[in-house]
2 protein chains.
Amino acid sequence: MPRTSSTAYALLGLLTIEPMSGYDLALVVRTSVGHIWSESYGQIYPTLRKLAVRGLVNRKTERHRSKPDRHVYSITTKGRKELTAWLAVPPQPEIPRNEMLLKLFLGAQASIDVLVANVERMVQEHGALLQKFKRIEHDEIDKNLQYPDAPFWKMTARYGQTEMEAHLKWAEETLEALRKIAKQQNSSLEARKEKNYARG
Amino acid sequence: MPRTSSTAYALLGLLTIEPMSGYDLALVVRTSVGHIWSESYGQIYPTLRKLAVRGLVNRKTERHRSKPDRHVYSITTKGRKELTAWLAVPPQPEIPRNEMLLKLFLGAQASIDVLVANVERMVQEHGALLQKFKRIEHDEIDKNLQYPDAPFWKMTARYGQTEMEAHLKWAEETLEALRKIAKQQNSSLEARKEKNYARG
DNA sequence: AAATGCATGTAACGCGTTACATGATTTT
DNA sequence: AAAATCATGTAACGCGTTACATGCATTT
């Protein structure tokens with residue numbers, strides 16, 4: 001097994017929810033765990049094959065008259081064992097690559113307007129996400145607490161909320177600071193202009 | 001220029017702080033912007049060459065008697081222009097790959113002890129980071145507010161703090177929830193045991 | 001008639017990491 | 001004497017994305 005990649009385990013994990021095809025998995029990744037994990041077709045299909053070869057999943061082919069065949073994968077006992085072992089390994093830390101923050105870090109090279117626009121865009125997006133996470137928690141998780149997965153899904157939904165709230169709080173503070181800087185720049189610009197008028 | 005990669009711009013941006021060699025840049029990435037951005041030698045050296053070819057940086061070779069030559073790169077006017085243009089492009093959203101959260105999402109397949117350990121490790125790590133960000137803000141940034149970069153570096157330090165605080169808050173709530181689940185599991189285990197005693 | 005959706009997959013490419021090579025200097 | 005630091009870089013590899021190919025069914 002490769003050293004670093006957790007793609008195989010992620011797919012294995014999602015197959016504990018229910019047996020699925022590659023197409024289904026891509027859908028689940030996009031719509032359900034999309035804010036936690038991403039995975040593309042180019043990864044999913046080959047990885048499923050490899051998992052089948054290793055006996056961690058079973059593959060069943062559903063034939064239809066007209067549509068192309070569906071390959072439905074289900075996790076095996078062996079697969080469950082490997083998954084559980086992986087879950088016990090301390091999670092790999094995320095490699096940090098936050099372009100928004102980098103651009104702010106280099107803010108002295110940009111105009112304040114641009115920085116303000118970036119932060120305001122973030123407020124829009126993360127505000128919407130906050131609402132979405134709340135909705136998911138109340139409408140989809142809290143109403144299905146009988147399922148054994150539900151408490152854990154709730155925790156991840158709560159994580160998203162807490163983080164988005166933090167980002168919004170920070171954005172407010174930051175916008176204030178940016179506007180203060182803009183004012184200073186304007187006033188020193190004014191000062192220079194007056195000087196020039198006096199001179200000219 | 002490649003479609004997606006922001007590596008070149010990140011290096012260009014760091015060179016606005018001061019002229020540096022590839023080695024220096026790797027150091028700055030690790031020690032200064034390490035929590036925002038990561039970059040490896042294998043990326044840095046070839047990218048610097050390409051930037052030099054495109055005229056966005058100048059390269060000067062410092063010869064030493066004994067040590068190997070140092071290639072010091074400085075950003076050009078053309079480079080500053082491209083950087084400023086890039087800073088105005090809406091930041092690319094991060095691709096989500098949070099292994100810790102994924103493991104929690106799949107928590108029904110793991111033992112509660114393992115999940116608790118993972119969250120507790122996060123409390124340790126993010127608690128330490130929170131302290132670090134505070135220290136950086138007060139000891140390194142607030143004392144150098146005369147530099148034009150300082151206000152922006154402060155914003156990113158504040159971002160780190162706000163996020164770490166949110167994670168710690170969430171972790172507390174989550175540990176409580178996990179312990180509640182553990183209790184429920186134990187009590188139903190007890191019930192089964194008693195049944196067996198009564199039977200045997 | 002054209003576009004979109006279902007469903008499979010592959011090929012090519014690029015980004016990024018890791019490991020290695022080199023070699024002198026300083027520290028332990 | 002051994003290890004670590006300074007400082008350059010390259011080669012190989014693997015992960016992951018994007019774009020493409022296929023082909024029927026359904027919607028516009």
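Chain letters run A, B, ... following the sequence lines, proteins first and then strands; every chain starts at 1.
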Report the distance from atom CD of Glu62(B) to atom P of dT8(D), rounded to the nearest whole Å. 9 Å
Does the plane of the ring in His126(A) sit parallel, tilted or perpendicular to the ring in His167(A)? Use 30° and 60° as the thresholds. tilted
Does CD belonging to Glu172(A) count more than 12 external heavy atoms closer than 6.0 Å? no
Pairing residues for Ser74(B) by the side chain to side chain contact (heavy atoms under 4.5 Å, CB included) criterion, not counting sequence neighbours: Pro19(B), Asn58(B)
Roughly how many Å is it from NZ in Lys50(B) to C1' in dG16(C), rounded to a whole number? 11 Å
Rounded to whole Å, please give me the gap between OH in Tyr41(B) and C1' in dC6(D). 9 Å
Tyr23(A) vs dC6(C): side-chain N/O to OP1/OP2 distance below 4.0 Å: yes
Should Lys169(B) and Glu163(A) count as an ion pair when the cut-off is N to O under 4.0 Å? no
Does Arg97(B) put a side-chain nitrogen or oxygen below 4.0 Å from OP1 or OP2 of dC15(D)? no
Separation of atom CE in Met20(A) from atom C1' in dA7(C), rounded to whole Å: 16 Å
Rounded to whole Å, OH of Tyr45(A) lies from C1' of dG16(D) at a distance of 16 Å
Option from Thr47(B), Val72(B), Leu15(B) for which side chain to side chain contact (heavy atoms under 4.5 Å, CB included) with Val57(B) holds: Leu15(B)
Closest to the side chain of Ser21(A), out of dT17(C), dA7(D), dA7(C), is dA7(C)
Quick one: is dG16(C) close enough that its OP1 or OP2 comes under 4.0 Å of any side-chain N or O from Ser38(B)? no
Interatomic distance where CD belongs to Gln43(B) and C1' belongs to dT10(D) [whole Å]: 13 Å
Distance, rounded to the nearest Å, where Leu25(A) contributes CG and dC6(C) contributes P: 16 Å
Using only side-chain N and O atoms of Thr7(A), determine if any of them is under 4.0 Å from OP1 or OP2 of dG16(D). yes
Counting side-chain heavy atoms from CB outward, which of dT18(C), dT8(D), dT8(C) is closest to Ser40(B)? dT18(C)
The helix from dA1(C)-dT28(D) to dT28(C)-dA1(D): angle between its terminal axes, five pairs each, to 10°? 30°
In terms of the nearest nucleotide of DNA chain D, which residue is placed more toward the 5' end: Tyr73(B) or Glu39(A)? Tyr73(B)
How is the hydrophobic cluster of Tyr45(A) composed, in terms of its other members, when Ile, Leu, Val, Met, Phe, Trp and Tyr link through side-chain heavy atoms under 4.5 Å apart, directly or indirectly? Tyr23(A), Tyr41(A)
Calculate the interatomic distance between Arg70(A) atom CZ and dG5(C) atom P; express it in whole Å. 18 Å
Under 3.5 Å donor-acceptor, Thr76(A) side chain and Leu56(A) backbone: yes
